[in-house]
**Q** 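First, the structure itself, so that you have it in front of you.
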Amino acid sequence: MNYHSIAIAISIAVALASADAGAKDKSKSRPIPATTSPAAAEQKDAATAEFEKFREVMEDANPAELFEAKGEELWKEKRGPKQVALAETCDLGLGIGVVKGAYVQMPRYFADAGKVMDVERRLVWCMVEKQGFSAAEIAAHPFASETATPDQTSLVTYVAGLSRNMKISVPTDDPKVKEVYRLGKEVFAFRAGPYDFACATCHGETGLRIRMQQLPNLARKEEAIRSYQGWPGYRMTGGIMLTQQWRMNDCFRQQRFPEPKYVSDTVTALLTYLTANANGNMYKGPGIKR
Amino acid sequence: MDLIRRTLLRGAGAGGALVAALAAGVLKPTAVFAADWNHGAFEAKETAATLKALGAGTAADSKDLVLNAPDIAENGAVVPVDITSKIPNTVSISVLVDKNPFPLSASFDFAEGALPDVSVRLKLSQTSNVKAVAKTADGKFYTVQKEVKVTVGGCGG
Amino acid sequence: MNHFKNIATLAFACTAMILAAAPRAEGDDRSRAIAMVRNDFQAKGQAGLDRLETDALQHVCNKYSNQPPQPLATLIAADQLATVKYPADGKLMGDWKEGEKIAQSGRGFTWTDKPGLPVGGNCYNCHEISPKELSFGTLGPTLRNIGKLRGNGPEMQKYVFSKIHNAKSYNVCSAMPRFGHIGALNEQQIRHLVALLLDPESPVNK
Amino acid sequence: MADPMKIRAQMKGDICDIKILMSHPMETGQRKDSNGAVVPAHFIQTISIDLNGKRVIQGQTGTSVSRNPVFGFKVKGAKVGDKITVGWVDNKGDKRTDEATVQ
């Protein structure tokens, strides 16, 4: 940089410093979507209503229950190199072996691990630390495919099922959780990659859609529940059981980011932010997804 | 005629060896049901051929056969379909998806006590008519159909 | 490109000075979060870790929560517009039918996509375009009748071409990707999309 | 061995409402895996429902029944405490039988 441009930089910086304070109050510069043609809007609403009507029918008998049953078996069985049961060794935050209500009170801080952990991360931690499974082997096949469902997916589904109809209450009074929440908020807003996308690009405003799919504004309490409700979810496409860890992973894929490492700090931070935003809402249990 | 006997007779149509095996006590009844799977109907590639294989070539439209399915399916992989027959003496209900590679999805026989009412979830490869066919004890067939649209997914991928 | 680098450096310089002058509490969380992200990701398929390195524009949008101060925004927008390469033959309109196909596809650039071109324009994910496609998103404004409403003369063609090539030329922190700038869509594909939007024969304007 | 079914049999008035969830891939034989190889057809072909040991419903299914099938039936003449037995057999000869008590 030559002398001349430094001089310009300084003068601009001075101008910016005064402009900076006012910048935050300005409404977003993105143009407001014009109203869509009435015929198209009507069609959309009919479709959405139809989806919702039949979603109820399908939730009445959800194949997710099959995975809850499998997860219960895995929780109670003595397994792994150390041949111990998670039910006898694993603390999900409410005491060893206590499952009821644990799901809606996570992510939370675990002193034994020195980390804030979401449910899946905690279960994997227990499988590794208590049962002696290999973390690398678990991370090699983290999510369900059309040929196999990882044990931790069924375990998450079981644990989630035992928080059905309970209120989401991430312990945000805990300073450790608060700190991770703030980091998650920043991860949510971070734009990068070839398309300049952040989570917030699609999930930071209310009332928008990608194709026919309604996008929740996950920064708003009323809508944040939608990142939580229905997970873990039985996904109709492929007929497989998927967790929130998977959801975050696949969002980053569509964001054109590289892949978040399985059960990493970043994913926990994001889940802490999203779940705490949904605090106070009622969780309905494992769901069904498109 | 009870279900087991009907099954046996149809099994005999598919191959007398089966009946012989059963008579000899080699096979348990459950194994007979598996062998009883109606190859002709399930492997037919067009609705007309399927109906023929079911013996339902001349099925008449009926308002007493109620088929409940979405106008637009959220996902073609799982389309909930519910069929109720108000036709007296309904003994079986079959469900077909016209545009699937093999139209016949499922077929149910009801014995004394069971209501002719079934719900099932189907795969639709594309927008298609879904058809229900009911059979009565006197061998008559009735049908009803409904179009189910299959939509495009999100994110184009 | 030299020009771009200068401005980018300038932007960084400004940013640094403002930070020094008025440190904000969230700035610390932001840099910690970004450091955490860079530590927690792994390359997969075509999606390398280099994708987490922000360029000058991304850096500014992140820094200012997508609302950079006006003088800086104006500077960067002009800089982005300068990166737009128009076709040498001056022909900006292609075949709207091809444009429709490109608009429909949302493929490309994820770790499960095959590397290389062509990738989709993702247009219907966010915009209403042809009245025949009812499955459209609303993240962006409707483009229905855009040619009819705003004309299809050379200036409009140039505007649409540049907007698709580099959306940040007009709105620095726009949610829309810089399709031409990053090499997602080539010249010919952008021409087809211009035709989809502006050609009087395109269903968009019917 | 195949995973257990989930069976729910509930009296609603004088009708017993039966919901059955089965764990099965229901492969069509038309799908290709990630390597482009065709995944062989693997699907349930017959199902049976018995009330207190007496067959009340028998079904046949093809490849277009969804993965992890869900069925709903209605039976008259059942009462709380009765036994519902459900069985399935697939095209490879795998089978599974599970029971539930009417609630």
Side-chain angles (χ1 to χ4, degrees), chain B residues 2-4 6-7 10 28-39 41-44 50 54 75-84 91-97 99-125 128 130, chain D residues 12-22 26-31 41 43-79 82 84-97:
Chain B
D2 70 50
L3 271 169
I4 311 286
R6 256 195 284 155
T7 302
R10 257 188 284 167
K28 287 186 179 147
T30 48
V32 175
F33 301 139
D36 180 48
W37 193 67
N38 190 339
H39 278 268
F42 279 102
E43 287 167 4
T50 312
L54 289 170
N75 191 323
V78 189
V79 180
V81 174
D82 187 279
I83 303 152
T84 307
V91 292
S92 92
I93 291 176
S94 297
V95 53
L96 289 74
V97 180
K99 296 228 172 115
N100 273 359
F102 303 106
L104 184 57
S105 294
S107 198
F108 304 92
D109 293 337
F110 307 100
E112 184 74 38
L115 300 182
D117 182 327
V118 57
S119 65
V120 57
R121 296 176 192 177
L122 305 178
K123 298 172 201 157
L124 263 68
S125 59
S128 171
V130 173
Chain D
K12 287 181 182 165
D14 63 342
I15 291 168
C16 177
D17 192 54
I18 305 171
K19 284 261 159 35
I20 306 160
L21 300 169
M22 298 175 178
M26 297 303 284
E27 282 294 350
T28 59
Q30 318 224 349
R31 193 173 67 84
F43 60 101
I44 293 172
Q45 287 189 320
T46 62
I47 62 172
S48 57
I49 292 110
D50 295 358
L51 171 64
N52 296 327
K54 181 178 163 278
R55 175 107 349 141
V56 286
I57 296 158
Q58 185 181 306
Q60 299 183 24
T61 49
T63 52
S64 58
V65 168
S66 302
R67 185 183 173 95
N68 295 322
V70 179
F71 296 102
F73 299 103
K74 290 188 168 71
V75 171
K76 255 188 162 169
K79 58 186 185 304
D82 280 359
I84 297 281
T85 311
V86 182
W88 58 253
V89 183
D90 71 20
N91 66 321
K92 293 185 179 175
D94 291 341
K95 58 186 130 187
R96 172 95 213 172
T97 306

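Below, chains carry the letters A, B, ... as their sequence lines are ordered, and counting in each starts from 1. Computed over heavy atoms, backbone and side chain alike; hydrogens, waters and symmetry mates excluded.
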**Q** Looking at Val75(D), Ile20(D), Thr61(D), Asn91(D), which has the largest count of heavy-atom pairs under 4.5 Å with chain B?
**A**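 Greatest number of close heavy-atom pairs with chain B: Thr61(D).
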
**Q** What residue, out of Gly59(D), Gly72(D), Gly62(D), has the most heavy-atom pairs lying under 4.5 Å from chain B?
**A**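 Result: the option with the highest number of such pairs is Gly72(D).
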
**Q** Measure Leu104(B) against the heavy atoms of chain D and call it side chain, backbone, both or neither at under 4.5 Å.
**A**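 For Leu104(B), the contact with chain D is made by the backbone alone.
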
**Q** Give the minimum heavy-atom separation between Val56(D) and Ala114(B), together with the two atoms involved.
**A**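 For Val56(D) versus Ala114(B), the nearest heavy atoms are O-CB, 3.5 Å.
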
**Q** Supply the atom-to-atom distance Lys74(D) NZ to Thr84(B) OG1, rounded to the nearest 0.5 angstrom.
**A**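 That separation rounds to 6.0 Å.
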
**Q** Verify side-chain contact (heavy atoms from CB on, under 4.5 Å) between Val120(B) and Val70(D), making sure each step is shown before the conclusion.
**A** CA-CA 6 Å; Val120(B) 57; Val70(D) 179; over 6 Å; no

**Q** I'd like to know which of Pro80(B), Ser94(B), Gly113(B), Pro101(B) tops the heavy-atom pair count under 4.5 Å against chain D.
**A**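 Option with the top pair count is Gly113(B).
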
**Q** What distance do Arg121(B) atom CZ and Met26(D) atom CE have between them, rounded to the nearest 0.5 Å?
**A**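 One finds 13.5 Å between CZ of Arg121(B) and CE of Met26(D).
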
**Q** Please name the pair of heavy atoms, one in Arg67(D) and one in Lys123(B), separated by the smallest distance, quoted to 0.1 Å.
**A**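 Looking at all heavy atoms of both residues, the closest pair is N-CE, 3.9 Å.
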
**Q** Working to the nearest 0.5 Å, report the span between CG of Asp117(B) and NZ of Lys76(D).
**A**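 Between atom CG of Asp117(B) and atom NZ of Lys76(D) there are 12.0 Å.
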
**Q** Where do Ser66(D) and Val79(B) come nearest, in terms of heavy atoms and distance?
**A**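 Heavy atoms of Ser66(D) and Val79(B) come nearest at OG-N, 4.4 Å.
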
**Q** When rounded to the nearest 0.5 angstrom, what distance separates CD in Glu112(B) from CG in Leu51(D)?
**A**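 Answer rounded to 0.5 Å: 11.5 Å.
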
**Q** Working to the nearest 0.5 Å, report the span between OG1 of Thr63(D) and CZ of Phe42(B).
**A**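 It comes to 9.0 Å.
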
**Q** In the structure I gave you, are the side-chain heavy atoms of Leu122(B) and Val65(D) within less than 4.5 Å of one another anywhere?
**A**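 A side-chain contact exists here, since the closest heavy-atom pair is under 4.5 Å.
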
**Q** Roughly how far, to the nearest 0.5 Å, is the CH2 atom of Trp37(B) from the CG atom of Asp90(D)?
**A**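 Answer rounded to 0.5 Å: 11.5 Å.
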
